[in-house]
Amino acid sequence: MKNFLVIGNPIQHSLSPKLHTFWINQNNIDAHYEKKQIEENEISKVIQEIKDEKLSGINITVPYKKSVIPFLEQLSETAKITQSVNTVYKKDNRIVGDNTDVAGFIKSLEDINVKGKSVLILGAGGVVSSIIHGCYLLGVKNIFVSNRTESKVDDLITFFSRVKKINWGEDVLCDLIINSTSVGLKKDDNLNIDLSTYKRTIFYDVIYSSRTNFLAQGESMGNKIIDGKKMFVYQAQEAFKIWHNISPTVNQEVMELLI
Ligand code: ATR
């Protein structure tokens, strides 16, 4: 039996075990997938378990996608560019870190053409480098980033020189606005910025666990909305492919596992 884990802190709300277990069963794979909340000083112990083949792979979520990197022996190109790792496994006796969030983000926009368009990203936390790299790959023309703590946007610009900083709360003409902040994780959370000028703009929220006020506002203004479920499912699909060499099905039944 192969063992897999998702690690993070907090982790209790992660739907990765549910999703991976569904696909494991569907594909008759002899494997087990669990979640585990860890402290930062326990990362090396978990990686050692992959070295010892007690674990076949792990997913990493907030807040360890960057801090896991020093414990790895090889990074995929995407993980290098984004400095963010969400999938780890052992290959040719080396511990490899990959990033499937970028592929998940790109696939989540499969029905939308953002080539040559303008995107505003709200927030500058761990997931944003993956979104920006995804925007580069999709040929987005203007990538604006706005964060409450503006210095974090400056840090991002040192790696992604095409990013343009927008002051927090200031508006800008864009075709797609993405909430990548943690605001919305709690039901009553509000960004407290004026979004009323974003008409004919697609509202995208990275949060997948609930319907956010951000999306509710976008929808009430008549805009198309996309929640974080698609990105979440597609990053998991990519991780599953890496570990099991099978591309698991994504359909309505799978999406409903996340409700
Ligand atoms: P991660 O682990 O993903 O990096 P994080 O650093 O906590 O998580 O990032 C969360 C994001 O949500 C940040 O962009 C944060 O803004 P700050 O950099 O100013 O902290 C943003 N965020 C959290 N609470 C917020 C709030 N009440 N209003 C606006 N932005 C908020």
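Any value given below was found using the heavy atoms of this structure, including those in side chains, with hydrogens, waters and symmetry copies removed. As the structure lists them, so they are numbered: ligands from 1, and atoms in each ligand from 1.
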Among all protein heavy atoms in this structure, tell me which lies nearest to atom 17 (P) of ligand 1, with the distance rounded to 0.1 Å.
Thr149 OG1, 3.4 Å
Would you mind running through ligand 1 and noting each atom that sits below 4.0 Å from a heavy atom of Val62?
2 (O)
Give the residue, atom name and distance (to 0.1 Å) of the protein heavy atom nearest atom 20 (O) of ligand 1.
Arg148 NH2, 2.9 Å
Indicate whether atom 7 (O) of ligand 1 is within a distance of less than 4.0 angstrom of some protein heavy atom.
no
Closest to atom 21 (C) of ligand 1 among protein heavy atoms sits Thr181 CB, 3.6 Å
Quick note on ligand 1: atoms under 4.0 Å from a heavy atom of Gly126 include exactly 1 (P), 3 (O), 4 (O)
Within a radius of less than 6.0 Å around CD1 of Ile246, do more than 12 heavy atoms belonging to other residues, nucleotides or ligands occur?
yes
Any Lys/Arg nitrogen of Arg211 or Asp227 sitting under 4.0 Å from an Asp/Glu carboxylate oxygen of the other?
no
Which atoms of ligand 1 are found less than 4.0 Å from any heavy atom of Val183?
24 (N), 25 (C), 26 (C), 27 (N), 28 (N), 31 (C)
A student checking ligand 1 against Lys152 at a 4.0 Å heavy-atom cut-off should list atoms 17 (P), 18 (O), 20 (O)
Give the atom numbers and elements of ligand 1 that come within less than 4.0 Å of a heavy atom of Gly123.
14 (O)
How about Phe105 and Tyr204: are their ring centroids closer than 6.0 Å?
yes
Do Ser130 and Asn99 pair up side chain to side chain, a donor and an acceptor below 3.5 Å, judged on atom types alone?
yes
Are Lys107 and Glu110 ion-paired here, with the side-chain N under 4.0 Å from a carboxylate O?
no
Do NZ/NE/NH1/NH2 and the carboxylate oxygens of Lys91 and Asp98 come within less than 4.0 Å?
no
Are Ser16 and Asn59 close enough that a side-chain donor and a side-chain acceptor fall under 3.5 Å?
no
Checking side-chain polar atoms at under 3.5 Å, does Asn223 have a donor or acceptor matched by the opposite partner on Thr201?
no
May I ask you to check if ligand 1 and Leu191 share an N or O to N or O distance below 3.5 Å?
no
What residue and atom, counting heavy atoms only, is the protein's closest point to atom 15 (C) of ligand 1, and at what distance?
Asn147 OD1, 4.0 Å
For atom 29 (C) of ligand 1, closest protein heavy-atom neighbour:
Trp168 CZ2, 3.5 Å
among protein heavy atoms, the one nearest atom 9 (O) of ligand 1 is Gly125 CA, 3.6 Å
Please check whether Ser180 reaches ligand 1 - meaning an N/O of the residue sits under 3.5 Å from an N/O of the ligand, judged on distance alone.
no
heavy-atom search around atom 23 (C) of ligand 1 in the protein gives Ser182 OG, 3.3 Å
Flag side-chain contact, heavy atom, 4.5 Å: Ile95 against Phe71
no
If you take the centroid of each ring, where Trp contributes its six-membered ring, are Trp23 and His244 closer together than 6.0 Å?
no
